[in-house]
Amino acid sequence: MDKILVHGGNSLAGSIKISGSKNSALPILAATLLTREPCTIHRVPDLSDTHYMLQILTHLGAQVERASGIVTVTADKVQSVAPYDVVRKMRASVGVLGPLLGRCKEATVSLPGGCVIGDRPIDLHLKGFEALGAAVRVESGNVKVFAPKLAGAVINLRGKFGPTVLGTDNVMMAAVLAEGTTVIEGAAQEPEVCDLADFLNKMGAKIEGAGTRRIIVEGVSELHGAEHYIIPDRIEAGTFLVAGAIAGTGVTVNRVEPKHLTAITDALSGCGFKIEAKNQSITVSPNGAPKPLEITTEPYPGFPTDMQAQMCALLSTTEGISVITENIFPQRYMHVAELKRMGAEVQMEGATAVIQGVERLTGAPVMASDLRASAALVLAGLKAEGVTEVSRVYHIDRGYEHLDEKLSELGAHIERVKA
Ligand code: EPZ
């Protein structure tokens with residue numbers, strides 16, 4: 001298992017091109033199952049999660065061709081069973097349930113395991129499928145859905161932690177080929193949901209309201225092939241902006257959609273950093289001593305849970321007391337114990353982290369645990385005294401395209417060692 005060594009102390013400067021969004025590419029690749037015609041998707045990021053999704057599509061019978069970031073999928077014939085050994089690697093595999101139900105009127109997918117950010121239920125996905133007329137059975141670790149036919153329905157997908165992103169995606173993909181009209185109330189508003197709806201509409205679906213709490217799907221009889229460009233990855237962009245805040249003298253992220261990053265740039269401005277957004281670029285620059293902050297993670301357009309760990313790393317060395325409350329995944333604090341090994345002073349109170357900023361962290365061997373926590377540890381190492389050794393970096397490779405190489409381009413002293 002590779003390790004990443006971060007030699008703290010270098011300043012970051014310059015610009016970096018942001019990749020296509022992982023969390024948009026995964027459901028859009030799953031959506032190609034809804035037609036037998038070829039679909040060409042551009043800007044698919046080169047990540048282990050997207051590789052896993054392509055493996056699943058291949059296993060389901062689709063032809064998959066990939067030339068750098070361009071993927072063509074032809075799901076002429078598909079079978080509807082996605083077994084454990086492919087699904088267990090990635091929770092987002094549940095995203096094939098909706099298109100398989102829509103296309104084949106049945107699907108069997110191994111239940112996703114939990115993961116370190118907490119239990120990852122799919123009860124809201126299943127509630128949506130049942131509302132469309134599917135029968136749902138959970139047996140020996142698999143979830144089976146089947147329906148003689150799918151009929152439009154009014155469905156509220158909001159759970160106790162708010163909307164569900166993949167649940168909204170899944171129900172939308174099952175509804176596009178249902179008979180009649182489906183109304184999804186309490187829908188997730190994330191840009192990735194909008195990107196999926198845009199792609200489905202290019203395939204001939206009739207979806208309105210994506211990006212609002214209420215999505216309306218007019219069922220059609222079939223979908224055709226389409227070509228699509230994935231939106232930029234707002235979480236990768238946010239991660240690099242926080243890297244620039246921690247150790248930068250001026251870091252620019254290019255090929256981004258600034259309006260997708262408002263909550264993140266507002267937080268960095270709240271810390272006192274200078275933010276300049278121009279066309280498809282955003283620059284973060286130091287602007288005096290950073291200020292402590294209170295952050296609460298919320299569904300989009302609120303502050304994203306996927307940026308919570310990265311902000312913990314920044315606020316660990318921001319003088320004063322900062323408070324972060326995690327409302328989406330209350331257990332999503334695996335990074336805190338590791339940051340404390342580097343000298344951070346964090347007090348946990350339930351789903352709230354109270355951070356007393358310290359002068360400087362010290363490098364230490366730390367353990368990556370989930371995708372964003374691992375990125376946060378690399379960011380913390382950028383300004384720490386000495387070397388931070390991050391192990392289990394396969395977590396990082398799941399969701400960041402060459403994070404270490406991109407940080408090196410900005411001036412970080414960072415190396416990947418084969419362990
Ligand atoms: C998506 O996960 C993202 N993953 C996550 O990003 C992101 O953290 C999350 O949305 C929230 O924004 C992808 O898009 C592939 P949810 P998803 O369903 O859809 C609860 C990353 O780092 N819930 O929106 O699985 C759930 O437990 C990953 O890129 C139910 O209770 O998340 C959570 O508390 C991590 N029942 C809340 O809702 C359900 O049926 C939001 O989860 C579904 C979810």
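Quick caveat: nothing in here was measured; it's all calculated off a predicted structure. Counting starts at 1 for both ligands and their atoms, in listed order.
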- Message: Geometry only, no angles: is L166 polar-contacting ligand 1 at N/O separations under 3.5 Å?
- Response: yes

- Item | N/O separation below 3.5 Å, G167 to ligand 1 | no

- Item | L407 vs F240, side chain to side chain contact (heavy atoms under 4.5 Å, CB included): CA-CA, chis, key distance, verdict | CA-CA 8 Å; L407 285 171; F240 278 99; 3.7 Å; yes

- Query: How far is atom 11 (C) of ligand 1 from its nearest protein heavy atom, and which residue and atom name does that atom have?
  - Reply: T305 CG2, 3.9 Å

- Task: Between E192 and ligand 1, find which residue part has any heavy-atom pair under 4.0 Å and reply side chain, backbone, both or neither.
- Result: neither

- Item | R372 NZ/CZ over Y400 ring centroid, <6.0 Å and within 45° of normal | yes

- Atom indices of ligand 1 within 4.0 angstrom of K22 heavy atoms, with elements: 21 (C), 29 (O)

- Electrostatic pair K22:D306 at N-O distance under 4.0 angstrom: no

- Matching residue for E130 among V136, I155, V145 - test: side-chain contact (heavy atoms from CB on, under 4.5 Å): V136

- Item | Ligand-residue contact atoms, ligand 1 with H125, heavy atoms, under 4.0 Å | 40 (O)

- Query: Counting only heavy atoms, which portion of L126 has something under 4.0 Å from ligand 1: side chain, backbone, both, or neither?
  - Reply: neither

- Query: When the ring planes of Y229 and H42 are compared, do they come out parallel, tilted or perpendicular, using 30° and 60° as the limits?
  - Reply: parallel

- Message: Any side-chain to backbone donor/acceptor pair from T262 onto K259? Under 3.5 Å, distance only.
- Response: yes

- Message: Are any of the N/O atoms on N23, whether in the backbone or the side chain, positioned under 3.5 angstrom from an N/O atom of ligand 1?
- Response: yes

- Message: So if I count the atoms of ligand 1 from 1 in the order they appear, which ones are less than 4.0 Å from some heavy atom of I122?
- Response: 39 (C), 40 (O)

- Query: Considering only protein heavy atoms, which is closest to atom 36 (N) of ligand 1, and at what distance to one decimal place?
  - Reply: D123 OD1, 2.7 Å

- Message: Would L124 count as a polar contact of ligand 1, with the cut-off being nitrogen or oxygen pairs under 3.5 Å?
- Response: yes

- Query: What's the shortest distance from atom 24 (O) of ligand 1 to any protein heavy atom, and which residue and atom give it?
  - Reply: V165 N, 2.8 Å

- Query: Thinking salt bridges, do E185 and R214 make one under a 4.0 Å N-O criterion?
  - Reply: yes

- Item | Backbone N/O of V193 and side chain of E190: donor-acceptor pair under 3.5 Å | no

- Identify which of P121, P163, G159, P299 has a heavy atom lying nearest to atom 30 (C) of ligand 1. P121

- Are the charged groups of R234 and E192 less than 4.0 angstrom apart, N to O? yes

- Among all protein non-hydrogen atoms, which one is nearest to atom 37 (C) of ligand 1, and what is the separation to 0.1 Å? F161 CB, 3.7 Å

- Of all protein heavy atoms, the one nearest atom 5 (C) of ligand 1 is D306 OD2, 3.8 Å

- Item | Selected option - heavy-atom contact closest to atom 35 (C) of ligand 1, from R372, M307, R91, R332 | R332

- Query: Salt bridge check: are K406 and E409 linked by an N-O gap of less than 4.0 Å?
  - Reply: no

- Top protein contact for atom 32 (O) of ligand 1, by heavy-atom distance: F329 CZ, 4.0 Å

- Message: Quick test: of every protein heavy atom, which one is nearest to atom 18 (O) of ligand 1, and how far off is it to 0.1 Å?
- Response: T164 OG1, 2.7 Å

- Task: Evaluate the criterion side chain to side chain donor-acceptor pair (under 3.5 Å) for residue pair T252 and T283; output intermediate values, then yes/no.
- Result: CA-CA 4 Å; T252 299; T283 301; 2.6 Å; yes

- Query: Of L339, V336, L379, V358, which is the lone residue that meets side-chain contact (heavy atoms from CB on, under 4.5 Å) with S316?
  - Reply: L339

- Nearest protein heavy-atom contact for atom 17 (P) of ligand 1: which residue, which atom, what distance? R120 NH2, 3.9 Å

